Amino acid sequence: MNIYCKSALHQIKVAVTTIVEMIEKLTENDLQKRPTPNKQSIGELLEHIAIICEADSLISDGASQDKMNKFYSSVSYKSLNEIKEALIKNHQFLEDKLMNFTEVELQEEVTSYWGVTYSRYEWLLEIVAHIYHHRGQLHAMLIHCYGIDPKVPLFE
């Protein structure tokens, strides 16, 4: 496996591991908390985080908007355990998929349904950024909106 790809996957694993640790500090009632009206609740945010690895992988394969809409509408995780299991499963899916890519495949350019073109490696970097963005959002919501400090180190 490409050393850069391996490093990016390691960073995703760090993010996933720390998100799982945060999930384990929550109660089912926390999923309903919505710090800002008309924005995601903690549960909705966690559901989104849980599918990032799979959804963004589909996008990086050039999935159509219709296919992505069908994917998003098929997902429904309502408990902490379901969210945690999906997050771990989808992370493993992404890792297994990328471990088999050759250097040539990693440099292959793929265009998203909204017109952005990146190499498969750049799509991987986008996934890293996406999951870290929402992990930070979750952490901030918990601490600043609800006074819940999960006491999870966010970096190694």
Side-chain angles (χ1 to χ4, degrees), residues 1 5-101 110 112-114 116 118 120 122-156:
M1 173 192 289
C5 189
K6 186 176 179 178
S7 296
L9 286 170
H10 174 73
Q11 289 305 310
I12 292 172
K13 184 174 185 166
V14 169
V16 167
T17 300
T18 55
I19 292 165
V20 166
E21 289 176 30
M22 283 191 258
I23 289 170
E24 290 174 345
K25 306 279 174 95
L26 299 176
T27 68
E28 295 296 328
N29 289 336
D30 292 327
L31 295 175
Q32 304 309 313
K33 293 178 178 173
R34 185 180 309 275
T36 306
N38 301 319
K39 296 294 181 183
Q40 290 182 322
S41 67
I42 290 172
E44 291 163 342
L45 176 60
L46 283 170
E47 185 176 58
H48 177 72
I49 291 170
I51 65 169
I52 288 172
C53 289
E54 185 174 1
D56 287 8
S57 172
L58 291 170
I59 291 167
S60 76
D61 287 338
S64 68
Q65 185 172 10
D66 185 54
K67 182 174 182 173
M68 292 310 301
N69 288 340
K70 286 177 184 169
F71 171 76
Y72 292 129
S73 67
S74 73
V75 174
S76 180
Y77 307 122
K78 298 304 175 200
S79 72
L80 290 168
N81 196 51
E82 287 177 345
I83 291 166
K84 184 169 74 169
E85 287 177 4
L87 177 61
I88 292 166
K89 176 185 74 86
N90 292 331
H91 168 252
Q92 190 61 54
F93 163 82
L94 179 68
E95 195 168 281
D96 292 346
K97 174 184 170 182
L98 288 168
M99 287 182 69
N100 295 317
F101 280 168
V110 179
S112 69
Y113 65 85
W114 64 89
V116 173
Y118 292 139
R120 288 186 183 276
E122 287 176 299
W123 281 114
L124 174 59
L125 295 180
E126 189 70 23
I127 295 168
V128 173
H130 192 181
I131 201 160
Y132 269 84
H133 162 73
H134 287 303
R135 184 189 69 162
Q137 186 180 26
L138 172 64
H139 192 259
M141 286 169 71
L142 294 176
I143 289 180
H144 299 295
C145 299
Y146 295 105
I148 301 169
D149 185 351
K151 295 184 174 37
V152 173
L154 300 181
F155 301 95
E156 292 182 301

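Just so it is clear, the values below take in all heavy atoms, side chains as well, and ignore hydrogens, waters and symmetry mates. Computed from a predicted model, the values in this text were never measured in an experiment.
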Report the residues that fulfil salt bridge (charged side-chain N to carboxylate O under 4.0 Å, His left out) with [X], sequence neighbours left out, ordered by chain and then residue number.
X     : value
Glu44 : Arg34
Glu21 : none
Lys33 : Asp30
Lys89 : none

What distance do [X] atom [atom1] and [Y] atom [atom2] have between them, rounded to the nearest 0.5 Å?
X      : Y      : atom1 : atom2 : answer
His48  : His134 : NE2   : NE2   : 3.0 Å
Leu46  : Leu138 : CG    : CG    : 5.0 Å
Ile127 : Ser57  : CD1   : OG    : 6.0 Å
Ile88  : Ile83  : CD1   : CD1   : 12.0 Å
His91  : Asp96  : NE2   : CG    : 9.5 Å
Ile51  : Asn90  : CD1   : CG    : 8.0 Å

Grab the two heavy atoms, one from [X] and one from [Y], that are nearest each other, plus how far apart they are.
X      : Y      : result
Leu31  : Ser41  : O-OG, 3.3 Å
Leu124 : Ala8   : CD2-CB, 3.6 Å
Leu142 : Pro150 : CD1-CG, 4.3 Å

### Task
Identify, with sequence neighbours excluded, every residue that meets ring-ring contact (aromatic ring centres under 6.0 Å, His included) alongside Tyr146.
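Checked Tyr146 against ring-ring contact (aromatic ring centres under 6.0 Å, His included); zero matches.
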
#### Entry: Any residue meeting ring-ring contact (aromatic ring centres under 6.0 Å, His included) with His139, in chain and number order, not counting sequence neighbours
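In terms of ring-ring contact (aromatic ring centres under 6.0 Å, His included), with neighbours along the sequence ignored, His139 is linked to no residue.
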
Please list, chain by chain and in numerical order, all residues satisfying side chain to side chain contact (heavy atoms under 4.5 Å, CB included) with [X], sequence neighbours excluded.
X     : value
Met68 : Ala55, Leu58, Ile59, Ala63, Phe71, Tyr72, Tyr113
Glu85 : Asn81
Thr18 : Arg135, Val152
Ser76 : Glu47, Lys78

#### Entry: salt bridge (Lys or Arg N to Asp or Glu O under 4.0 Å) contacts in which one or both residues fall within residues 140-156, not counting sequence neighbours
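Matches after skipping sequence neighbours: none remain.
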
### Task
Keeping to residues at least two apart or across chains, list the salt bridge (Lys or Arg N to Asp or Glu O under 4.0 Å) pairs with something in residues 51-68.
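Residue pairs passing salt bridge (Lys or Arg N to Asp or Glu O under 4.0 Å), neighbours aside: Asp61-Lys97, Asp61-Arg120, Asp66-Lys70.
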
### Task
Determine, step by step, whether Met141 and Ile42 satisfy the side-chain contact (heavy atoms from CB on, under 4.5 Å) criterion, reporting the C-alpha distance in whole Å, the side-chain angles of both residues, the deciding distance to 0.1 Å, and the verdict.
CA-CA 8 Å; Met141 286 169 71; Ile42 290 172; 3.7 Å; yes

### Query
Does some side-chain heavy atom of Ile19 sit less than 4.5 Å from a side-chain heavy atom of Ile23?
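Touching, per the 4.5 Å side-chain cut-off.
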
#### Entry: Parallel, tilted or perpendicular: ring planes of Phe155 versus Tyr132, cut at 30 and 60 degrees
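Parallel.
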
